[in-house]
Amino acid sequence: MSRSSQEIIELFDKYVIPNYTRYPVALTHGEGPFIFDAEGNRYIDFFPGWGCNLFGHSPKPVVEALEHQVERLLHVPNSWYMEEQGVWAQMLSERSFGGKAFFCNSGAEANEAAIKLTRLHSAKGKYKIITFLNSFHGRSMATVTATAQEKYHQGLEPLLPGFVYCPFGDLEAVKNAIDDETAAIMLEPIQGEGGVNMPPKGFLEGLRALCDERGLLLVFDEVQTGCGRTGEWFAYQYFGVTPDIMTLAKTICSGVAAGAMLCKQELAPSLRKGMHASTFGGNPVAASAGIATIKMVEEYGYLDLAKKMGEHIKARMNQWKDELDIVADVRGVGAMIGCELKIDGTCFVQRCMENKVLINCTHGKVIRLLPAVNTPFDVLDEGLDVIEAALRKGA
Ligand SMILES: *Cc1c(COP(=O)(O)O)cnc(C)c1O
């Protein structure tokens, strides 16, 4: 493989469906917080793998676990038992609320499983799920319907019936939206794609109380916040509010495609035999990467480091906020930080990329960083210097 970026772009123009907006650069290999393009340029990556690569690119312990696994067994179907999947489920369960796991291959699939489970578990006639404006739950028909953002719905109608939208943080609206057909409330404890939105104080506690009172299931989509991203294993632990069902993907395998739904023990029988499946779900390769990811977080103390990283990034960004007129707000926790601007942020992503730092801008105005939790602090500062310089230059 030795084509130039331009040659690779030409291949895409001819043969790949153009449903993504892509930067005109082909990436070839990476190492930790760094990624290289076909021309040999080195970038600092503050958004590695769109938030999937918890340790940046090709972390050694995960690569070694994968190498060991691929030589023994690539894939066996879920009509058999395999030790790796069992151990992985145990490790996730022991670090969360002691539930059981269903494995799949992506965030949308994990949420799809959660949506099915809420319908299967709830009494007959209860099927509605309350979700929140600016949420993001995936692109399958059920999960894109759960995603309360009109821009993702255009042309797809009719959407799946049974989703009711409320403003994020508005407990009164949720109370009013619950009726006899409501089965569950589903949300990201911290909204990611919607702009790194923290829940207002008391909101998650309030939802938990509402669910307990009204016999509803509380589903947390931790696809972006899970597995160490926030400095806790799961963001629900940061807030001290435990869901009944939790979905995971992105980080859980350090960049190997995988997803999982965890539910409390008593819910597990409701996803009864024959009602749901995933051919590749929980395969030995994904499971090995999942196990290696958890071990690596613990061995190197990355939960603590993610917390420190978050404080460091926020301290620097708050300085920008004090000095620069265009910075409106700084929020997030751990290795998940958003810096909201008063103006469109697209030009800053472009300017940073020209200066070899990769960042993301979501929801138009929010600079979003999901850095690798093992990013050395001097590299972190080098990258933040580039973002700061870009912001100082103005739009
Ligand atoms: C990315 C994301 C999803 C969708 O995950 P896919 O793997 O792209 O299907 C769902 N929920 C949240 C919170 C996400 O960030």
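Counting starts at 1 for both ligands and their atoms, following the listed order. Because the structure is predicted, anything quoted here is derived from the model rather than measured. Basis for what follows: all heavy atoms, side chains included, without hydrogens, waters or symmetry-related copies.
Regarding atom 5 (O) of ligand 1, its nearest protein heavy-atom neighbour is Gly107 CA, 3.3 Å. Annotation: atom 12 (C) of ligand 1 to nearest protein heavy atom, Phe136 O, 3.4 Å.
For the pair Val223 and ligand 1, the shortest N or O to N or O distance does not fall below 3.5 Å. Checked by distance only, ligand 1 and Glu109 stay at 3.5 Å or farther apart across all their nitrogen or oxygen atoms.
For Arg229 (side chain) and Ala335 (main-chain N/O), a donor-acceptor pair under 3.5 Å exists by modelled atom type. Here the side chain of Glu298 pairs no donor or acceptor atom with the backbone of Met296 at under 3.5 angstrom.
If you look at Phe280 and His75, their ring centroids are closer than 6.0 Å. The ring of Tyr300 has its center no closer than 6.0 angstrom to the ring center of Phe55. Taking the six-membered ring wherever Trp is involved, the centroid distance between the rings of Phe220 and Phe239 does not fall below 6.0 Å. A distance of 6.0 Å or more separates the ring centres of Phe234 and Phe97.
Under 4.0 angstrom from ligand 1, there are no non-hydrogen atoms of Glu222. The residue Trp50 has no part lying near ligand 1, judged by heavy-atom distances below 4.0 Å. The side chain of Asn111, and not its backbone, has at least one atom closer than 4.0 Å to an atom of ligand 1 (non-hydrogen atoms only; side chain from C-beta on). Neither the backbone nor the side chain of Ala249 comes within contact range of ligand 1; no heavy atom lies under 4.0 Å.
Atoms of ligand 1 found under 4.0 Å from any heavy atom of Glu188, numbered from 1 in the order shown, are 13 (C). Atoms of ligand 1 found under 4.0 Å from any heavy atom of Ser106 (numbered from 1 in listed order, with element): 7 (O), 9 (O). Near Asp221, meaning under 4.0 Å from one of its heavy atoms, ligand 1 places the atoms 10 (C), 11 (N), 12 (C), 13 (C). Atoms of ligand 1 found under 4.0 Å from any heavy atom of Ala108 (numbered from 1 in listed order, with element): 4 (C), 5 (O), 6 (P), 9 (O). Using a 4.0 Å cut-off to heavy atoms of Gln224, the atoms of ligand 1 that qualify are 15 (O).
Taking a cutoff of 4.0 Å between a charged side-chain nitrogen and a carboxylate oxygen, Glu188 and Lys250 do not qualify as a salt bridge. Taking the charged nitrogens against the carboxylate oxygens, Glu205 and Arg208 have no contact shorter than 4.0 Å, which rules out a salt bridge. The pair Asp385-Arg392 fails the salt-bridge criterion, with no side-chain N (NZ, NE, NH1 or NH2) lying under 4.0 Å from an Asp/Glu carboxylate O.
Around the CG atom of Asp13, the shell of radius 6.0 Å holds more than 12 heavy atoms that belong to other residues, nucleotides or ligands.
For atom 8 (O) of ligand 1, the nearest protein heavy atom is 4.0 Å or more away.
Residue contacts with ligand 1 include Lys250, since one or more of its heavy atoms lies under 4.0 Å from the ligand.
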